[in-house]
Amino acid sequence: MKTIEVVAAIIKHDDQIFATQRGYGEFEGGWEFPGGKMEAGETPQEALIREIKEELETDIEVGDLIDTVEYDYPKFHLKMHCFICSIKHGDLVLKEHEDAKWLTIDTLDTVSWLPADLSLIEKLKCYLKNCQKL
């Protein structure tokens, strides 16, 4: 099975997390953390900075690695590096996504997450509650 390696930005502002809804492709309509594929020679952090600039016209600061999610979709294996990020500059302009929402720890379960992103939600809740161990 083919492996696709991607990065995801968990953009945090105060007590809210930024979520985006896919506007294209096989998973159109599903909710995810923004990001994308890593290019040859890029670190995960470099890929994330580039992807968010391309997709959302926003400069971010990449913080802690929350998790590396491994998930088997029917046609490929996904390896997704997920980082807490903050906005340095920009207004989060949706160039590729259908919609976006700022969610709190109490509203994270109110959107229909894509399967790989869904597996991250419990760890993210723990992180946001300042749990000792991820």
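A quick note: this is a predicted structure, and the numbers were derived from the prediction, not measured.
When all heavy atoms of A19 and W31 are compared, the closest pair comes out as O-CZ3, 3.5 Å. Here the closest heavy-atom approach between residue L56 and residue T58 is recorded as O-OG1, 2.8 Å. Across all their heavy atoms, T43 and M38 have their closest contact at C-CE, 3.9 Å. In terms of heavy atoms, A47 sits closest to E42 at CB-OE1, 3.3 Å. Taking both residues in full, the closest heavy atoms of V69 and C82 are given as CG2-SG, 4.1 Å, listed atom of the first, atom of the second, then distance. Taking every heavy atom of both residues into account, E32 and L114 meet most closely at OE1-CD1, 3.7 Å.
Every residue was checked against the side-chain hydrogen bond (donor to acceptor under 3.5 Å, both in side chains) condition with E98, not counting sequence neighbours, and none meets it. I49 pairs by the side chain to side chain contact (heavy atoms under 4.5 Å, CB included) definition with I60, V62, not counting sequence neighbours. For K37, the side chain to side chain contact (heavy atoms under 4.5 Å, CB included) criterion is met by I4, V6, not counting sequence neighbours.
I66 contributes atom CD1, which lies 4.0 Å from atom CD1 of I84 (distance to the nearest 0.5 angstrom). C85 SG to K12 NZ: the interatomic distance, rounded to the nearest 0.5 Å, is 12.0 Å. Taken to the nearest 0.5 Å, the CG atom of D91 stands 7.5 Å off from the NE2 atom of H89. Between atom NZ of residue K88 and atom NZ of residue K53 there is a gap of 10.0 Å, rounded to the nearest 0.5 Å.
Electrostatic pairing of E46 and R50 does not count as a salt bridge here, judged by no charged N lying under 4.0 Å from a carboxylate O. With respect to the salt-bridge test (charged N to carboxylate O, under 4.0 angstrom), the residues D99 and R22 do not qualify.
For the residue pair T107 and T110, no side-chain donor N or O sits within less than 3.5 Å of a side-chain acceptor on the partner. Side-chain polar atoms of H81 and E5 form a donor-acceptor pair below 3.5 angstrom.
Using a 4.5 Å heavy-atom cutoff, the side chains of I105 and Q16 are not in contact. Contact check for D72 versus M1: side-chain heavy atoms found under the 4.5 Å cut-off. Counting only heavy atoms from C-beta outward, the side chains of K2 and K75 never approach each other to under 4.5 Å. Between F83 and L48 there is a side-chain heavy-atom pair separated by less than 4.5 Å. The shortest side-chain heavy-atom distance between P34 and I11 falls under the 4.5 Å cut-off. The shortest side-chain heavy-atom distance between W102 and I17 does not fall under the 4.5 Å cut-off.
Using a 30° and 60° split on the angle between ring planes, F27 and F76 fall in the perpendicular class, above 60°.
Within 6.0 Å of NE2 on H77 lie more than 12 heavy atoms contributed by other residues, nucleotides or ligands.
One N or O on the side chain of W113 and one on the backbone of L108 form a donor-acceptor pair closer than 3.5 Å. In this structure, the side chain of Q21 engages the main chain of G29 through a donor-acceptor pair within 3.5 Å. Counting only distance, with no hydrogens or angles, the side chain of Y71 and the backbone of S119 share no donor-acceptor pair below 3.5 Å.
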L92 and I87: side-chain contact (heavy atoms from CB on, under 4.5 Å), yes or no, with the steps?
-> CA-CA 9 Å; L92 296 169; I87 297 170; 3.6 Å; yes
Go through the steps for F18 and F33 under the test ring-ring contact (aromatic ring centres under 6.0 Å, His included), then give the verdict.
-> CA-CA 7 Å; F18 190 70; F33 296 105; 9.8 Å; no
Verdict with supporting geometry, D67 and Y127, side chain to side chain donor-acceptor pair (under 3.5 Å) = CA-CA 11 Å; D67 197 11; Y127 179 88; over 6 Å; no
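Remark: of the listed residues E55, E57, E51, E57 is the sole one forming a salt bridge (Lys or Arg N to Asp or Glu O under 4.0 Å) with K95.
When hydrophobic clusters are built by joining Ile, Leu, Val, Met, Phe, Trp and Tyr residues whose side-chain heavy atoms come closer than 4.5 Å, directly or via intermediates, L120 is grouped together with Y73.
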